[in-house]
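Worksheet for the structure shown next.
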Number of protein chains: 2
Amino acid sequence: MPKLEDVAKRANLSKTTVSRVLNNRGYLSQKTIDKVYQAMEELNYHPNVVARQLYKNKTDLIGILLPTVANPFFGELTAFLEDDLYQQGFKVLIGNSMNNPQKEADYLQQLLIKQVDGLIVGTHNQGIEQYHQSGLPIVAIDRIMNEDIPVIASDNYRGGILATERLIERGAKKIIHTNGPNDLETPAKRRREAYEQVMKAHNLSPITYEVDFNITPADKVKILRRIFLEHPDVEAIFASNDTDAAQIMQIAQNLGRQIPRDLLLIGYDGTQIVRELLPQLTTVIQPIDQMAKKSVAVLKQRLAQESTKKEYLLPVKLQEGTTG
Amino acid sequence: MPKLEDVAKRANLSKTTVSRVLNNRGYLSQKTIDKVYQAMEELNYHPNVVARQLYKNKTDLIGILLPTVANPFFGELTAFLEDDLYQQGFKVLIGNSMNNPQKEADYLQQLLIKQVDGLIVGTHNQGIEQYHQSGLPIVAIDRIMNEDIPVIASDNYRGGILATERLIERGAKKIIHTNGPNDLETPAKRRREAYEQVMKAHNLSPITYEVDFNITPADKVKILRRIFLEHPDVEAIFASNDTDAAQIMQIAQNLGRQIPRDLLLIGYDGTQIVRELLPQLTTVIQPIDQMAKKSVAVLKQRLAQESTKKEYLLPVKLQEGTTG
DNA sequence: TTGTAGGCGTTATCAG
DNA sequence: CTGATAACGCCTACAA
């Protein structure tokens, strides 16, 4: 690997001059510029990014810490984030915590150490201390971390209202909701709040099933199946996400219940892929693209030491399918 | 940010000694070790990764260049790759080319420059010169690049046979196949070869529709719809991937054709998410986990300057749903 | 318009 | 067992 010095020697110039050409800084004669470019060509020279990073004390790298890009929501989110960040001159380091606190802590420890200039987090683990003392610019997506980390989320409360009211409008009275564990401080909890408030406002009793994130698919099916066992008269389900909704569709089918005739169903997220594969599913669309864009924008503010709001809410939309 | 020197000063030692403690190298008295650790604690010191990278001339970063993690296949692949690489002590830099040659070239130029220790590529663009002269260890997934870059792929030929024979066994004669553009040098082409050979072996005429990768969803629907217009008597379709298969399901439904009664359908890929959302879809499962594992293993061989085979084929499996 | 010298934070060699 | 010193490759005051 040739270095600056090699180029300089070949062009009969100093390292400084070559560096100047590289960064077009200061006055340079055209002749010098040409000589330098020629020498670079001949040697197939490329500047060493790491050396630059060391000097500049920045890496132009942004870390993205999420449960897993295998999940459509996070996959699509990552794609949008990557695209935005790329436009802004950043590259992306990913860490998939797989809901494993150990792995998450590990990543954090490593990323916080000057490896990245900033961090976008959307993991589900609670109370990882390191976030606090890091000093690294961070934004959180759909996850409340602590006072000084801004949160980007969709308007979960409104989403909960849209879904619940729609089910009620369509005549359902016994409506069940699934959500994540209630002890997790996440904006998604507001869907549950909205659901419960709407139900009560209509004199209906809310019933929420809590489904943990990191359980096996088999266990999840078991929990969802329980809904039907424990509430055979259920008329509608507002699921916490589209894949759960899909599972519920299978289960209902196995139990001989036709959707929407015997059961109304509304999901949540509305990712591109789900809309392609299950266009019949009624769901609440989170504006993943906008969430990504906003996250990057807020992170840039943080990087520039500008102050930010504590929370940014993006609008949701009801996607009308045939299931609910 | 405190540095080695600060720790040294605080512990009344030299940088050398502190560095030794950090990397437990050489002989050290317990007392010294304790002092160093204490000083590090007090200062909340963390070694600067970039400085290390510069000295060691390696980053422990692996680049993954793919069309987009928003696609379930690549999303799941990325998740597995990340997990494997993490186990091996690497971190992952992603680049989503979005099938944009400009962006891909851009990424390459940047990544090849000592920013990553190795590269895993699965993009669809042809003839990007830089791959050749890079000298960087590279492996390609499902994509033929050039002679000295090993390819990891599933056994596409066998997949093509499994799907086609199944459709024939189930009584279909007029079977249509969709595939990517034929001028692309990709292992996926072998599915088409297999399809055409099996068809001919049964005295049936193969018909392949070529579907470009980077076209709008609307255009894709148009092409797929054409199948039914141009071949109203089509009895079965072997789609090049599951999302296309899903589209075909919608179209068939809109045209009043019941699957599997009026049309048999087999997809390809068998990602986790598709199996969850569309369990009824018969499809050929690519062993994404194994492909990831093998890619990482081969990349490690390359990094260790060991020689590798040119191609690694992993076994596929037919997932029997109800559509075909 | 170009060159010299010192530093970014770490590690390794070699001496003590 | 520990310390001084020179590298890793680049960038920028400051000088010329």
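The model shown is predicted, which means the values in this text are computed figures rather than measured ones. Just so it is clear, the values below take in all heavy atoms, side chains as well, and ignore hydrogens, waters and symmetry mates. Order of the sequence lines fixes the chain letters, A, B, ..., with proteins taken first and strands second; residue numbering starts at 1 for each chain.
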Problem set entry | Divergence of helical axes at both termini of the helix from dT1(C)-dA16(D) to dG16(C)-dC1(D) - five pairs an end, 10° steps |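 Overall, the helix from dT1(C)-dA16(D) to dG16(C)-dC1(D) bends by 40° from one end axis to the other.
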
Exercise. Nucleotide range of DNA chain D contacted by chain B, 5' to 3', under 4.0 Å to a heavy atom?
Worked result: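 From 5' to 3', the first and last contacting nucleotides are dC1(D) to dG9(D).
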
For this session: Decide yes or no on side chain to side chain donor-acceptor pair (under 3.5 Å) for Asn100(A) and Glu104(A), but give the supporting numbers first.
Result: CA-CA 6 Å; Asn100(A) 174 347; Glu104(A) 182 176 351; over 6 Å; no

For this session: List the steps, then state whether side chain to side chain donor-acceptor pair (under 3.5 Å) holds for Tyr86(A) with Asp106(B).
Result: CA-CA 10 Å; Tyr86(A) 171 80; Asp106(B) 224 68; 3.0 Å; yes

Rounded to the Å, how far apart are [X] [atom1] and [N] [atom2]?
{"X": "Asn57(A)", "N": "dG7(C)", "atom1": "CG", "atom2": "P", "answer": "17 Å"}
{"X": "Glu5(A)", "N": "dG3(C)", "atom1": "CD", "atom2": "P", "answer": "13 Å"}
{"X": "Arg25(A)", "N": "dT1(C)", "atom1": "CZ", "atom2": "P", "answer": "17 Å"}
{"X": "Arg52(B)", "N": "dC8(C)", "atom1": "CZ", "atom2": "P", "answer": "18 Å"}
{"X": "Lys15(A)", "N": "dG6(C)", "atom1": "NZ", "atom2": "P", "answer": "12 Å"}

Flag the pair [X] and [Y] as a salt bridge only when some basic side-chain nitrogen lies within less than 4.0 angstrom of an acidic carboxylate oxygen.
{"X": "Lys103(A)", "Y": "Asp83(B)", "answer": "yes"}
{"X": "Arg10(B)", "Y": "Glu5(B)", "answer": "no"}
{"X": "Lys58(A)", "Y": "Asp117(A)", "answer": "no"}

For this session: Would you classify Leu4(B) as touching base, sugar-phosphate or nothing, given that sugar-phosphate means primed atoms plus P, OP1 and OP2, and contacts are heavy atoms under 4.0 Å?
Result: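 Base contact - Leu4(B) has a heavy atom under 4.0 Å of at least one base atom.
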
For this session: Report which part of the nucleic acid Arg20(B) touches: base, sugar-phosphate, or nothing (heavy-atom distance under 4.0 Å, all strands).
Result: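 Base, at least one base atom sits under 4.0 Å.
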
For this session: Identify the two heavy atoms, one from Phe213(B) and one from Pro181(B), that lie closest to each other, and give their separation to 0.1 Å.
Result: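 Between these two residues, the closest heavy atoms are CE1-CD, 3.9 Å.
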
Exercise. Looking at dT4(C), does its base get a donor-acceptor pair with the side chain of Thr16(A) below 3.5 Å?
Worked result: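 Yes, the side chain and the base share a sub-3.5 Å donor-acceptor pair.
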
Exercise. Which is it for Thr59(A) and Gln115(A) under the side-chain contact (heavy atoms from CB on, under 4.5 Å) test, yes or no, and what are the steps along the way?
Worked result: CA-CA 7 Å; Thr59(A) 58; Gln115(A) 168 102 271; 6.0 Å; no

Exercise. Counting only side-chain N and O atoms of Thr17(A), is one of them less than 4.0 Å from OP1 or OP2 of dG3(C)?
Worked result: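 Yes, because at least one side-chain N or O of Thr17(A) sits under 4.0 Å from OP1 or OP2 of dG3(C).
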
Exercise. Which nucleotide, dT1(C), dT4(C), dG9(C), lies nearest any side-chain atom of Leu54(A)?
Worked result: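 Of all the options, the side chain of Leu54(A) is nearest to dG9(C).
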
Exercise. Asn48(B) side chain: which of dT10(C), dT4(C), dT1(C) is closest?
Worked result: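 Among dT10(C), dT4(C), dT1(C), the one nearest the side chain of Asn48(B) is dT10(C).
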
For this session: Please tell me which of Leu13(B) and Tyr45(A) maps to the more 5' nucleotide of DNA chain D, matching each residue to the nucleotide holding its nearest heavy atom.
Result: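 Nearest nucleotide further toward 5': that of Leu13(B).
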
Problem set entry | Worked check of side-chain contact (heavy atoms from CB on, under 4.5 Å) between Phe73(A) and Thr78(A) | CA-CA 9 Å; Phe73(A) 179 78; Thr78(A) 303; over 6 Å; no

For this session: In sequence, state the C-alpha distance, the side-chain angles, and the governing distance for Lys91(B) and Gln110(A), and then conclude on side chain to side chain donor-acceptor pair (under 3.5 Å).
Result: CA-CA 10 Å; Lys91(B) 289 206 203 56; Gln110(A) 307 222 21; 2.8 Å; yes

